[in-house]
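Structure first, then comments.
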Amino acid sequence: MRAEHEPRPRPWPDWPAGFVAGEGDRDALLVLASLPGLTPRRLRSVAEAVGGAASCLTAVRRGHPSVGASDRDLAGRLRPRHLADRLLEVEARMAVPGDDDYPAGLLDLHDPPVALFVRGRSLGELDLAVAMVGARNCSPLGAEVARSFGADLAAGGAWVISGAARGVDSAAHEGALAAGGPTVAVLGSGIDIVYPRRSRELLDRILDVGTVVSEYPPGVPAQSFRFPARNRIVAGMADAVLVVEGAKGSGSVITTDFALDLGRPVFAVPGPVTSPLSEVPLSLIRDGAGLVRNGDDLLADLGRLDPGTSRGSLSLPAGLTEAERRVAGAIAGPTLPEVLASNLGCSLAEVLTAVVGLEVRGLARTVGGRVELRMARPID
């Protein structure tokens, strides 16, 4: 699933010469990118026939045969300057192929976006980038694993890319933010539209250190058909794709299909064979995806970490008592407090006190009477 897949030849390496030659073309592009029926490939065909973006907008408003009536009417109502002013209001910018904010990897796509709308940190700084995808209705363990990977990858210098949806997406972003690393949220709506609404606080945090992007200008609503289109951008921007949980029919399969078409390596985190949420990762692994247990595995496979080294599965913060450190070091898996007390040669009361201290700090939890370390790596 990795080495044997070669990238597709680029069918669309550049827009026609002079497509965006000046401010008039850039303004027109704001309208063209707002039309739901005018896909990048359709716009390409119009551009080849009539020329630059301003000429394309004129052709659309006059009823070009490649454009439906609803798009023609919308193009007549939208005003480029209103859209440009809205971009300024939300501190966003527009990038076209060749600009620093337009990742070159997107041009590997069969239908790369005509423009990218960007808020926050420049994508010209994008280095190693890993896309993380998975179930929206993930398990608590799946969310914890996603946070752990997000933190590991960010600490290892990778940008974490995801879609800011609930579940695995949000957990991946949160892990990267906790590690102080850059993360990119790719929206399936206009650059000024927060969807889902519960992601507003997360997106605000991402903008502090990372980037929010969309192929849609301000005012474009979130609609179901935009999310598979969003997934191709997630795959195109990434150097690799990691899947954490996904039931049969999961949207994460769309992203992995795009990644494989582009020749990007795909990795997956294994889960219990009896869990429906393990269906996608286990199927991918069976078909040849890289099996990874933690961020160190993935960074090593990507050549960013010596396979013989490990940054450890848990970094203990300062301020722990000696008992808390001893108990944390003795937990190799879900363990009864009585067993910990016996192994450490101390009283049960001492172990329980230490466990409470670790739980308060978010370092451990008790499930079914057994104590286990949390997957997420705490950050000092």
Side-chain angles (χ1 to χ4, degrees), residues 7-80 82-84 87 94-99 101-118 186-191 193 213-237 254-255 257-258 261-262:
R8 283 180 176 176
R10 291 184 177 182
W12 193 357
D14 296 296
W15 284 96
F19 180 72
V20 181
E23 286 304 310
D25 285 325
R26 295 183 73 89
D27 286 348
L29 194 53
L30 288 169
V31 175
L32 295 170
S34 301
L35 306 181
L38 191 60
T39 63
R41 274 185 280 185
R42 284 184 179 174
L43 181 53
R44 170 68 181 254
S45 68
V46 177
E48 289 176 340
V50 304
S55 297
C56 286
L57 179 56
T58 299
V60 167
R61 286 173 170 170
R62 290 177 176 174
H64 191 280
S66 295
V67 181
S70 59
D71 281 338
R72 181 194 63 214
D73 293 343
L74 180 57
R77 295 195 305 271
L78 292 175
R79 294 294 175 261
H82 292 170
L83 294 172
L87 271 183
M94 181 174 70
V96 297
D99 290 348
D101 269 321
Y102 193 104
L106 292 178
L107 295 176
D108 291 333
L109 292 166
H110 190 65
D111 56 346
V114 61
L116 208 61
F117 299 90
V118 184
V186 183
L187 305 181
S189 57
I191 190 63
I193 303 294
V213 304
S214 173
E215 70 174 309
Y216 306 115
V220 174
Q223 294 174 286
S224 59
F225 71 88
R226 301 192 193 279
F227 294 99
R230 181 270 308 273
N231 291 351
R232 85 190 195 288
I233 295 177
V234 171
M237 290 179 63
I254 298 173
T255 308
D257 284 345
F258 280 123
D261 284 344
L262 296 170

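Excluded from the calculations below are hydrogen atoms, water molecules and symmetry mates; all remaining heavy atoms, backbone and side chain alike, are included.
- Taking the salt bridge (charged side-chain N to carboxylate O under 4.0 Å, His left out) definition, one finds that D27 meets it with R81, sequence neighbours left out.
- Applying side chain to side chain contact (heavy atoms under 4.5 Å, CB included) to P228 and the options T255, D257, I254 leaves one that passes, I254.
- The nearest pair of heavy atoms linking L30 to P80 is CD1-O, 3.8 Å.
- Sorted by first and then second residue, the salt bridge (charged side-chain N to carboxylate O under 4.0 Å, His left out) pairs involving residues 213-225 (not counting sequence neighbours) are E215-R232.
- Looking only at side-chain heavy atoms (C-beta outward), R26 and V96 come within less than 4.5 Å of each other.
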Y216 and L187: side chain to side chain contact (heavy atoms under 4.5 Å, CB included), yes or no, with the steps? CA-CA 9 Å; Y216 306 115; L187 305 181; over 6 Å; no
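- Annotation: side chain of D108 is not in contact with side chain of F258 (no heavy-atom distance under 4.5 Å).
- In terms of heavy-atom proximity, P217 sits nearest to A33 at CD-O, 3.5 Å.
- With rounding to the nearest 0.5 angstrom, the CD atom of E48 is 10.0 Å from the SG atom of C56.
- Atoms CD1 and CG, on I191 and L83 in that order, are 13.5 Å from each other to the nearest 0.5 Å.
- Here the side chains of V60 and L35 are in contact, with some heavy-atom distance below 4.5 Å.
- Scored by the salt bridge (charged side-chain N to carboxylate O under 4.0 Å, His left out) test, D101 finds R93 as partners (sequence neighbours excluded).
- Under the side chain to side chain contact (heavy atoms under 4.5 Å, CB included) criterion, L106 pairs with Y102, P103, L109, P113, L116, I233, M237, sequence neighbours left out.
- Contact annotation: the side chain of I193 never approaches that of P221 to less than 4.5 Å [non-hydrogen atoms, C-beta and beyond].
- Here M94 contributes atom CE and L29 contributes atom CG; the two are 4.5 Å apart, rounded to the nearest 0.5 Å.
- For R42, the CZ atom is loosely surrounded, since the number of other residues' heavy atoms within 6.0 Å does not exceed 12.
- Summarising the geometry of G51 relative to F19, their closest heavy-atom pair is O-CD1, 3.8 Å, with the distance given to 0.1 Å.
- Side-chain contact between R226 and P36 is present, with at least one heavy-atom pair separated by less than 4.5 Å.
- With hydrogens and angles ignored, the 3.5 Å screen pairs a side-chain donor or acceptor of S214 with a backbone N or O of S189.
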Quick one: side chains of residues 67-78, donor-acceptor pairs under 3.5 Å with protein atoms, not counting sequence neighbours, listed by atom name and distance.
residue, atom, partner, partner atom, Å
D71, OD1, G37, N, 3.4
D71, OD2, G37, N, 2.9
D71, OD2, L38, N, 3.4

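- Checked against salt bridge (charged side-chain N to carboxylate O under 4.0 Å, His left out), E23 has no partners two or more places apart in sequence or in another chain.
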